[in-house]
2 protein chains.
Amino acid sequence: MNKVTLKELAKVLNMSVSTVSKALNDSHEISDATKKIVKKFAQERNYQPNPLAKYLKLGRSNSIGVILPSIGNPFHSQIIENLHNYASQHNFNLIIMQSKDSEEIETKAIKALLNQGIDGIIISPAHETSNIELLKKIHESTCPVIIFDRINYDLDTYKIGVNNFQSGFNATEELIKGGRKKIVILCGKNIGVTKQRLAGYEEALKRNSIEVNQNYIVYCNYNNSFEEFDNDLKEKIAYLMQDRATAPNAIFGTTDTLTTRVLGILADLEIQVPAELAVIGFANTEIANSLNPALSTIRQPTAEIASLSIEMLIKLIANKKNRSQIDFQEFKLDSSIQLRKSTDLSS
Amino acid sequence: MNKVTLKELAKVLNMSVSTVSKALNDSHEISDATKKIVKKFAQERNYQPNPLAKYLKLGRSNSIGVILPSIGNPFHSQIIENLHNYASQHNFNLIIMQSKDSEEIETKAIKALLNQGIDGIIISPAHETSNIELLKKIHESTCPVIIFDRINYDLDTYKIGVNNFQSGFNATEELIKGGRKKIVILCGKNIGVTKQRLAGYEEALKRNSIEVNQNYIVYCNYNNSFEEFDNDLKEKIAYLMQDRATAPNAIFGTTDTLTTRVLGILADLEIQVPAELAVIGFANTEIANSLNPALSTIRQPTAEIASLSIEMLIKLIANKKNRSQIDFQEFKLDSSIQLRKSTDLSS
DNA sequence: TTGTAGGCGTTATCAG
DNA sequence: CTGATAACGCCTACAA
């Protein structure tokens with residue numbers, strides 16, 4: 001209700017506002033004695049500086065906007081958790097927005113963030129060209145932008161993602177090493193990330209002299225409800241399995257959702273994992289270990305992605321000079337593989 | 001870089017700042033002609049009002065702070081997602097903080113939020129008395145506080161949670177209906193939420209003339225690493241199962257983590273679900289359906305919890321008058337049960 | 001209908 | 001070492 005202000009403190013203490021302000025900010029031009037008195041009194045009165053006034057004066061709000069497709073999935077919630085940790089280490093706050101993979105919602109999110117006076121944006125864009133003009137304008141004028149995860153995006157800035165080609169390659173090779181050659185790859189939205197994982201998959205096949213079977217490249221529709229999605233995927237797998245001669249013996253899932261869902265579907269279809277079908281896939285969820293069978297996963301280094309994103313953004317925020325001069329880098333981090341029962345072909 | 005301000009617009013337009021401000025805010029005291037000119041020019045120059053200045057003037061920041069134990073788990077990320085939706089409908093932003101169940105971290109989070117100038121707080125406290133004095137002071141003076149989920153907390157405000165007693169009762173009865181009487185209950189932190197779910201469990205047993213077996217009430221330690229946690233739980237279950245005469249035939253998990261993890265552990269122990277042990281538990285994850293066997297769950301109504309929290313908080317923010325006069329309510333929402341294979345005892 | 005002036009709470013500059 | 005004063009960008013009485 002009745003907030004204590006500098007002015008009030010000054011009045012009661014019989015000092016000027018500026019003296020009080022300086023004392024509280026530990027200015028060297030204030031005597032220790034005065035500082036002590038002021039600080040003690042401020043504490044007594046439970047004085048809290050008004051952040052808005054401070055930020056107005058300073059021209060910064062010490063908050064960072066984050067836009068990602070959706071908060072719900074494990075990869076993103078890990079990203080958020082880590083962004084949080086690093087941001088707060090630097091005394092920055094996070095304001096999170098989701099785009100739901102829609103350019104329109106993304107536009108709103110960007111505007112809402114600007115409207116909130118954030119100092120910078122960290123974004124995984126809705127798609128490869130979504131809001132590109134808007135982001136470009138913002139980045140070049142008011143507010144620096146950093147891109148993560150979906151880094152195939154034509155904006156000249158720091159980009160932080162994983163080496164999707166290599167990850168796809170490694171996962172596929174792991175299956176081949178186990179003796180599986182008929183490998184289905186499950187793909188989500190046909191965006192850069194997916195394309196590169198797919199390219200890695202194809203390269204691994206090629207290196208092992210296995211021909212790419214187009215029927216094994218399965219795209220799944222995310223826009224439907226969970227049920228429709230499940231039924232769609234189930235149908236596709238059932239169809240592939242029906243002909244003994246061409247039935248696959250392994251599955252590689254390129255997204256969290258695809259990878260975890262497919263296990264349930266295989267159970268429903270009473271397909272043995274890994275005996276009939278080995279399964280590996282991208283997934284950052286802790287649940288991988290609790291699935292039955294335990295799921296082999298490719299894990300993205302969310303902590304590193306987050307720490308680099310924050311670090312680079314803060315660099316840009318601090319460095320007010322012309323951003324067009326900077327030599328921006330693209331970081332492609334390595335993912336790691338956890339092998340569990342779903343690819344255990346030893347027996 | 002160079003933000004356009006009202007002052008600059010006014011200068012170029014040869015008008016006063018106030019005219020421009022009023023025109024942009026559609027004040028009735030400005031002629032349509034002037035409004036048109038001003039608005040057009042503002043758009044041309046891509047004028048964006050400085051939110052910090054505005055908020056300083058208006059005394060509000062239009063942002064809400066949220067504190068919860070951890071962002072990572074499905075229940076909380078659903079809560080966040082929903083809070084988000086409702087908040088943005090009211091033009092409020094969300095600033096999220098996690099307490100990691102630590103009072104100390106929670107204290108920091110609260111202070112960081114105040115320091116950011118938020119208009120209100122929505123919190124699920126670290127424990128039943130954490131930061132109680134601080135929150136009380138804040139709530140009664142500067143900034144209204146709403147409590148959700150862990151609502152056994154001695155603060156006079158709106159509280160939004162689920163009917164944990166009833167939920168525990170229903171889950172247990174479901175198992176009993178299926179013919180299972182030797183039911184283990186897995187409990188996490190011994191806080192109000194857990195206690196009530198346990199009380200519901202005990203009441204269901206009592207009503208069905210089943211004696212409570214203290215050995216079936218299993219507490220798990222969350223503070224350890226995932227591995228230790230798994231091993232701990234595994235050991236406890238293995239121990240209970242070893243004596244044929246007293247071995248349980250059902251498990252009720254009182255938290256998301258416990259419920260999903262236990263399936264993996266049972267698979268490891270090669271215990272058949274539901275044949276040997278039926279499993280049901282609290283869980284808000286979409287993955288329940290992909291688990292093997294598909295997991296029967298008690299689902300908390302995250303959308304309702306979120307919408308009520310936002311609604312009540314905004315009410316308090318708008319209503320600046322003395323909060324000590326308000327007749328605060330406690331909302332206890334119903335959870336819902338999804339029965340899947342892990343409790344399917346029909347065969 | 002438009003303009004002037006004051007203030008929101010803070011920090012920064014400069015003078016005393 | 002301390003104090004007066006201006007400024008950050010916006011809004012809003014009140015005066016013209």
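Every chain is numbered from 1 and lettered A, B, ... according to where its sequence line falls, protein lines coming before strand lines. It should be emphasised that the depicted structure is a prediction, and the values quoted were computed from it without experimental measurement.
Not a single ring pair (Phe, Tyr, Trp, His ring centres under 6.0 Å) links B:F41 to another residue, sequence neighbours left out. Among residues two or more places apart in sequence or in another chain, the salt bridge (charged side-chain N to carboxylate O under 4.0 Å, His left out) test is passed with A:K108 by none. Not a single side-chain hydrogen bond (donor to acceptor under 3.5 Å, both in side chains) links A:E128 to another residue, sequence neighbours left out. B:T19 pairs by the side-chain hydrogen bond (donor to acceptor under 3.5 Å, both in side chains) definition with B:S16, not counting sequence neighbours.
Using a 4.0 Å heavy-atom cutoff across all strands shown, B:T34 reaches sugar-phosphate atoms only and no base atom. Using a 4.0 Å heavy-atom criterion, one finds that A:T5 contacts the sugar-phosphate atoms exclusively.
For the pair B:L56 and B:N14, nearest-nucleotide mapping onto DNA chain C gives the more 5' position to B:N14.
Applying the salt bridge (Lys or Arg N to Asp or Glu O under 4.0 Å) rule to pairs touching residues 305-315 of chain A yields nothing, sequence neighbours excluded. Legend: salt bridge (Lys or Arg N to Asp or Glu O under 4.0 Å) pairs involving residues 62-75 of chain B, not counting sequence neighbours: none detected. Applying the salt bridge (Lys or Arg N to Asp or Glu O under 4.0 Å) rule to pairs touching residues 58-86 of chain A yields A:E81-B:K100, sequence neighbours excluded. The salt bridge (Lys or Arg N to Asp or Glu O under 4.0 Å) analysis of residues 19-32 of chain A, with sequence neighbours excluded, yields the pairs A:K22-A:E29, A:D26-A:K35, A:D26-A:K39.
When the side-chain nitrogen and oxygen atoms of B:S16 are compared with OP1 and OP2 of C:dG3, one or more of them lie within a distance under 4.0 Å.
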Only pairs under 3.5 Å count here: list side-chain donor-acceptor contacts from residues 90-99 of chain A, not counting sequence neighbours, and write none if there are none.
residue, atom, partner, partner atom, Å
A:Q98, OE1, A:I71, N, 3.0
A:S99, OG, A:D101, N, 3.3

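Two end axes, each from the C1' atoms of five base pairs, can be drawn for the helix from C:dT1-D:dA16 to C:dG16-D:dC1; they diverge by 50°, to 10 degrees.
At a cut-off of 3.5 Å, with distance as the only test, no side-chain donor of B:S18 or B:S21 sits close to an acceptor on the other residue.
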Return the polar atom pairs (N/O with N/O) between nucleotides 11-13 of chain C and the protein under 3.5 Å, or none.
residue, atom, partner, partner atom, Å
C:dT11, OP2, A:S21, OG, 2.9
C:dT11, OP2, A:N25, ND2, 3.3
C:dT11, O2, A:K57, NZ, 3.3
C:dT13, O4, A:K22, NZ, 3.4

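Using a 4.0 Å cutoff to heavy atoms of chain A, the contacted part of DNA chain D runs 5' to 3' from D:dC1 to D:dG9.
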